[in-house]
A.B. asks: 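Here you go, one structure.
Both ligands and their constituent atoms are indexed starting at 1 by order of listing.
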Amino acid sequence: MTISFDRYHTYMEVSDFLHACISDYPGLCVLESIGKSYEGRDIWMLEITNRSTGLASGKPAVYADGNIHAGEVTGCETVLWAINHLLKNYGKDSKITYLLDTKVFYFVPRIAVDGSEYYLTTPYMLRSSLRQWPGAFDEKPGLYPEDVDGDGKILTMRVKDPDGSWKVSDKDSRLMIRRRPNEIPRPGTVYYHLCTEGLIKDFDPDVTVNKAPEKRGLDFNRNFPTNWAVRTRQQGSGDYPFSETEMKAVADFIVSHPNIVSLMTYHTYGGYVLRPFCTMGDSAMDPKDLKIYLAAGEIAEEVTGYPCKSIFEWFTSDKSRPSVGSALEWAYETLGILSFATELWDMRGRAGVPKKPASAYLTMSGRETEDQELALLRWNDEAVNGRLFVNWRKFQHPQLGDVEIGGWEPKFGMQNPPVELLEEECQKNGLFCLDMASMAPQLALEKAVSIPLGNGLYKVEAVVKNQGYLPSHGTFSALKMNKAQTVKISICLTPETEYSPDKEGTCEAWAESNSLIAGKAQEDLGHFGGRAGGGDYKKKVSWVVRGRAGSPVAILVRSGRAGNIRQNIRL
Ligand SMILES: [Zn+2]
């Protein structure tokens with residue numbers, strides 16, 4: 001199994017790599033199709049854990065996906081990088097070995113399998129699905145993106161017009177800047193209209209050319225039930241929550257894996273690790289969860305170099321109309337999973353442009369915008385030989401006549417890193433998955449002993465503890481919503497002698513010779529705190545058993561998110 005991150009991978013290549021993983025590392029991974037896409041492609045999920053140390057379902061889990069948005073293909077590559085890194089380093093790197101022995105990772109590298117293929121193999125951009133929405137498409141008048149000059153790219157067109165809103169910057173002839181409000185026509189100054197490279201349906205030179213409506217307007221990441229809204233309020237939301245087969249598949253997988261403690265969904269672009277809330281400020285968050293998010297965010301920033309920010313606090317410029325219905329909202333607000341969404345790739349950051357909250361962009365002056373654009377062009381010239389900006393070149397447009405086509409490379413420039421910068425992007429962001437797993441709750445048996453009391457009686461004592469940072473319920477919102485199973489301990493007086501993963505967590509029938517004199521066969525220990533708080537992290541349980549010396553007894557501990565334990569002792 002080999003993969004290199006010097007290119008973006010097609011569906012077949014991703015699929016071949018995942019199949020190679022299971023044949024090369026059969027003891028560490030399992031591949032599962034969690035569902036089919038609109039066009040019938042499998043959506044793959046690769047589970048990674050050391051199965052000889054216990055079933056995946058009995059270990060705390062990190063779920064990570066990529067490419068819920070078709071064009072954000074760096075997300076998929078980052079997940080593939082994490083998969084490759086974990087498998088190649090198991091048994092070599094002590095942190096990875098520990099994590100795969102005690103935790104499980106569920107990786108879904110590419111969700112929008114149809115859309116990503118379309119994005120990678122045609123000049124077109126696409127948000128999510130190839131399904132036409134809302135409804136069968138009846139072509140309306142307007143401009144449709146097309147690779148008119150046949151160079152394989154859909155760039156920007158500039159069309160000369162004395163009434164245009166744009167002109168060429170004095171500082172760099174590639175840069176288009178806005179015409180000032182008081183700027184009357186000046187001899188020698190050329191004004192332009194800017195629009196996407198494309199063709200116009202029902203073109204009429206006497207009326208304004210507008211962008212045609214989106215033929216495939218679905219946005220998978222607005223199709224989740226939490227805060228979901230109809231399309232007149234939230235663009236792309238779909239007919240109803242989970243109306244899209246891809247989203248239903250993701251949801252079914254997450255809900256049927258109650259051991260998932262934390263979730264990461266990889267997007268592009270911007271250079272941020274995003275966290276909840278989407279529709280409320282930090283003051284509405286449980287203060288203990290906010291503390292966890294701030295602490296985890298600090299680690300995210302150390303590892304990735306990207307700041308961790310609340311979507312509502314930082315990215316929502318109109319606080320009365322936040323974007324709704326995302327995977328992140330559903331995972332944290334409805335399931336109580338510690339969730340993040342990383343916006344990979346930060347071209348502005350590379351160019352030295354400082355980060356600002358979304359609201360600051362609304363009030364940015366024309367001069368400031370020009371300075372930022374100039375910084376981007378400078379970085380492009382110095383770092384990648386100017387390759388990401390296509391210089392304006394004359395073209396005879398079949399409808400508009402003389403135009404020029406050029407501008408920023410939209411796919412592998414703005415939206416995704418150029419290939420030479422892909423691997424480092426994947427690496428620093430993929431590594432944060434390991435830290436997410438390291439924060440998970442983790443139950444352990446500190447002590448499991450049998451003390452003879454005489455007359456065939458034994459006191460069996462067990463001390464259970466949570467060694468993790470997070471409490472056994474993960475977030476505090478999960479505790480409030482009762483979304484994480486409590487910790488239960490049971491004693492088995494005739495355990496199977498051979499460990500059988502299929503029977504993990506089950507107790508065989510009682511033997512007649514051994515009997516429980518005091519204590520409960522099964523006891524609910526409630527939840528355990530962690531280093532992040534949440535109360536007692538260590539609890540003691542004892543039983544009195546009548547039995548034969550040397551006969552086996554097993555202690556089983558089961559939980560939702562903190563893992564299962566099984567230990568055999570002898571009376
Ligand atoms: Zn996205």
Side-chain angles (χ1 to χ4, degrees), residues 8 37 43 63-80 107-120 124-131 133 214 216-224 226-229 231 234-238 244 246-247 250-251 254 263-279 300 304 306-312 314-317 322-332 339-349 355 358 361 410-417 422 425-426 429-430 432-433:
Y8 290 90
S37 67
I43 301 167
Y63 166 94
D65 68 38
N67 243 178
I68 192 171
H69 286 140
E72 300 172 3
V73 286
T74 312
C76 172
E77 301 299 332
T78 302
V79 175
L80 296 180
F107 289 118
V108 180
R110 181 167 284 169
I111 295 176
V113 283
D114 301 342
S116 296
E117 201 62 2
Y118 185 72
Y119 180 90
L120 287 168
Y124 303 105
M125 306 282 279
L126 182 73
R127 187 62 171 163
S128 291
S129 177
L130 285 169
R131 185 165 89 81
W133 189 83
E214 197 66 62
R216 297 176 173 113
L218 276 166
D219 186 335
F220 282 161
N221 204 32
R222 302 284 167 238
N223 194 227
F224 287 81
T226 311
N227 308 319
W228 185 88
R231 73 184 165 90
Q234 175 58 65
Q235 224 179 356
S237 62
E244 300 319 296
E246 292 87 345
M247 294 308 96
V250 167
I254 292 174
L263 172 145
M264 169 61 82
T265 172
Y266 287 109
H267 293 248
T268 67
Y269 57 89
Y272 286 100
V273 180
L274 304 179
R275 64 165 175 85
F277 284 123
C278 299
T279 58
T304 67
Y306 294 154
C308 183
K309 297 282 187 191
S310 146
I311 293 178
F312 184 78
W314 187 271
F315 279 93
T316 307
S317 49
S323 293
V324 293
S326 66
L328 182 95
E329 283 163 279
W330 178 67
Y332 176 68
S339 307
F340 300 90
T342 293
E343 293 290 356
L344 302 157
W345 180 231
D346 181 16
M347 188 155 121
R348 293 178 166 273
K355 286 185 157 59
Y361 285 89
K411 290 188 179 181
F412 306 103
M414 274 291 172
Q415 193 173 22
N416 294 283
L422 175 61
E425 196 64 36
C426 295
N429 289 289
F432 183 56
C433 284

A.B. asks: How are the rings of W330 and F224 set to each other: parallel, tilted or perpendicular (split at 30° and 60°)?
C.D. replies: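 W330 and F224: tilted rings.
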A.B. asks: Has R216 got its NZ or CZ under 6.0 Å from the middle of the six-membered ring of Y118, at an angle within 45 degrees of the ring axis?
C.D. replies: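 Yes, cation above the ring, under 6.0 Å and within 45°.
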A.B. asks: What protein atoms of element N, O or S are positioned under 2.8 Å from the Zn ion (ligand 1)?
C.D. replies: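 As for protein N, O or S atoms lying under 2.8 Å from the Zn ion (ligand 1), they are H69 ND1, E72 OE1, E72 OE2, H267 ND1.
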A.B. asks: Would you please say whether a donor-acceptor pair under 3.5 Å links the side chains of H267 and N67?
C.D. replies: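 No, no side-chain donor-acceptor contact under 3.5 Å.
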A.B. asks: Could you check whether any side-chain heavy atom of R131 comes within less than 4.5 Å of a side-chain heavy atom of E244, counting everything from C-beta outward?
C.D. replies: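 A side-chain contact exists here, since the closest heavy-atom pair is under 4.5 Å.
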A.B. asks: Name the orientation class of the two ring planes belonging to Y332 and F277 (parallel below 30°, tilted from 30 to 60°, perpendicular beyond 60°).
C.D. replies: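 It falls in the tilted class, 30° to 60°.
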A.B. asks: Once the angle between the rings of W314 and Y272 is folded into 0 to 90°, is it parallel (under 30°), tilted (30 to 60°) or perpendicular (over 60°)?
C.D. replies: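 W314 and Y272: tilted rings.
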